[in-house]
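Below is one structure, written out as structure tokens, with a few remarks after it.
If you're wondering where the values come from, they're calculated on a predicted model, not measured in any experiment.
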Number of protein chains: 2
Amino acid sequence: MALEHAILVSLLEKPGSGYELARRFERSIGYFWTATHQQIYRVLKRMESDGLLAVREVPQQGRPDKKEYSVAGLGRAALSQWLHEPIESESVRHDLAVKIRGAAFDDPSALIHEVERHRQVHSDRLAHYLAGELRDFTGPEASAPPDAGQELQHVVLRGGIAYERMTIAWLDDVLATVHQLGASRPRT
Amino acid sequence: MALEHAILVSLLEKPGSGYELARRFERSIGYFWTATHQQIYRVLKRMESDGLLAVREVPQQGRPDKKEYSVAGLGRAALSQWLHEPIESESVRHDLAVKIRGAAFDDPSALIHEVERHRQVHSDRLAHYLAGELRDFTGPEASAPPDAGQELQHVVLRGGIAYERMTIAWLDDVLATVHQLGASRPRT
DNA sequence: CCGGACATGTAACAAGTTACATGATTAG
DNA sequence: CTAATCATGTAACTTGTTACATGTCCGG
């Protein structure tokens, strides 16, 4: 189960509560691993009882208390072990591709709005990534010694950027294809 | 649930048995939607009892009999409805990205083999896609009238090709980053 | 006779989703 | 007084994974 590993990485980067983790899964980590708060709370509880995590009750003023989780020795060992074993898959789930192939049996032009909407989402995401890159990975870098964590986070972000750019270009290709189809074969 | 929709699309493209579907999910459709035979049999049974699919027992010689499924009217309607409603997400699960960020807390150079292995997988997949493109989408195309199904399948394949190319380039970026890290900061 | 392709399944479990539930504080 | 943010959870359900189970035919 890789949600556990994603949580370990996130908590190593910075300890935090279930709520905070849930928010990180809507941002940074969430770009390559999704999870809802229900799932996170459930898994945190299990990981704690398995001794992978340590909890600390943090009383707060003007806010509900929170449970701050951090990675215990066992958790670190579990992560290390996972890092050393090969992983497969990255099991794909591209609903849009299924839709595109399905559209052949229905009205292909109905795709247009949907594809444009997705293009917008990816375009926004790209802008967001680029802003993050500018903010976090430029400037004092040249002078300061390269930090492994920083460099690795940056290369993951560059992956996200490349992915969004590729996707946008592909969606343009899809739109052009659908339009061409409509032009040469107007529907009944 | 989009596995149902992927099955509908696949069966519309060509009716077939659970076994055949399972094999298609290791190839063509499998490139953007994964499913094991156990899952497929379970869902097929449900879809049939829901009236989305029709079955035909096909006795065979020298082989076990098979149940050939095809899409019923209800199934076609269900697909059509799905095509017309917006979909979200494409919920991501990039184990490798989690690993890369996690490597900062362990030995980054342990990534090298893993990344090279993944690069090989994507490189093979790209070659496979390109061969398929050459086989299925070149030649009589210019003379024959454009077939919507063909064009849409082709654009999905082009998406796969773009994805693999992007991924390979990114993995090279990852390798370069890790090597650079090792060079400037040799590990203890 | 053994392994691989063909063909279909069951059972148990793990993971993910959706809906519901509670309660405090702060900004408008 | 109302909505938003912070904070944590339960329950029911659907999906997806892993392991097990069975049986034929064909080629080597």
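- Taking a heavy-atom distance under 4.0 Å as the criterion, the stretch of DNA chain D touched by chain A extends 5' to 3' from D:dT5 to D:dG16.
- Within the 4.5 Å cutoff, side-chain heavy atoms of A:Leu181 are placed close to those of B:Leu152.
- Rounded to whole angstrom, the span from the CZ atom of A:Phe25 across to the P atom of C:dT17 amounts to 12 Å.
- In this structure, the CZ atom of A:Arg93 is 12 Å from the C1' atom of C:dA15, given to the nearest Å.
- Considering only side-chain N and O atoms, B:Tyr19 lies nowhere under 4.0 angstrom from the phosphate OP1 or OP2 of C:dT8.
- Position along DNA chain C of the nearest nucleotide to A:His37 versus B:Arg63 favours B:Arg63 as the more 5'-ward residue.
- Listed pair B:Gln60 / C:dA7 meets the phosphate criterion, a side-chain N or O lying under 4.0 Å from OP1 or OP2.
- Going from atom CD of B:Glu20 over to atom P of C:dC6 covers 9 Å, rounded to whole Å.
- Put simply, the residue from A:Asp106, A:Leu111, A:Asp107 that forms a side chain to side chain contact (heavy atoms under 4.5 Å, CB included) with A:Ser109 is A:Asp107.
- At whole-Å resolution of the value, CG in B:Leu44 and P in C:dT8 are 9 Å apart.
- One interatomic measurement links the two molecules: CG of A:Asp65 to P of C:dG23, which rounds to 15 Å at whole-angstrom precision.
- The aromatic rings of A:His154 and A:Phe137 lie parallel to each other, their planes meeting at an angle below 30°, with 60° marking the opposite boundary.
- Formation of a donor-acceptor pair under 3.5 Å by the B:His128 side chain with backbone atoms of B:Asp124 is not found in this model.
- Projected onto DNA chain C by closest heavy-atom contact, A:Trp33 and B:Gln38 fall at different nucleotides, the more 5' of which corresponds to B:Gln38.
- Distance B:Lys66 NZ to C:dC6 C1': 10 Å, rounded to the nearest Å.
- A sub-4.0 Å separation between OP1 or OP2 of C:dC6 and a side-chain N or O of B:Arg23 is present.
- As a whole-Å value, the separation of B:Lys45 NZ from C:dA7 C1' is 13 Å.
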Yes or no on side chain to side chain contact (heavy atoms under 4.5 Å, CB included) for A:Val115 and A:Trp170, after CA distance, side-chain angles and deciding distance? CA-CA 10 Å; A:Val115 173; A:Trp170 176 61; over 6 Å; no

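- As judged by a 4.0 angstrom heavy-atom cut-off over every strand, A:Thr34 is placed among residues making no nucleic acid contact.
- Comparing A:Arg42 and A:Gly18 against DNA chain D, the residue whose closest nucleotide sits nearer the 5' end is A:Gly18.
- Formation of a donor-acceptor pair under 3.5 Å by the A:Asp147 side chain with backbone atoms of A:Gly149 is found in this model.
- Of the options B:Lys66, B:Arg27, B:Lys14, a salt bridge (charged side-chain N to carboxylate O under 4.0 Å, His left out) to B:Glu20 is made by B:Lys66 and by none of the others.
- For the pair A:Tyr41 OH and C:dT17 P, the computed distance is 17 Å after rounding to whole Å.
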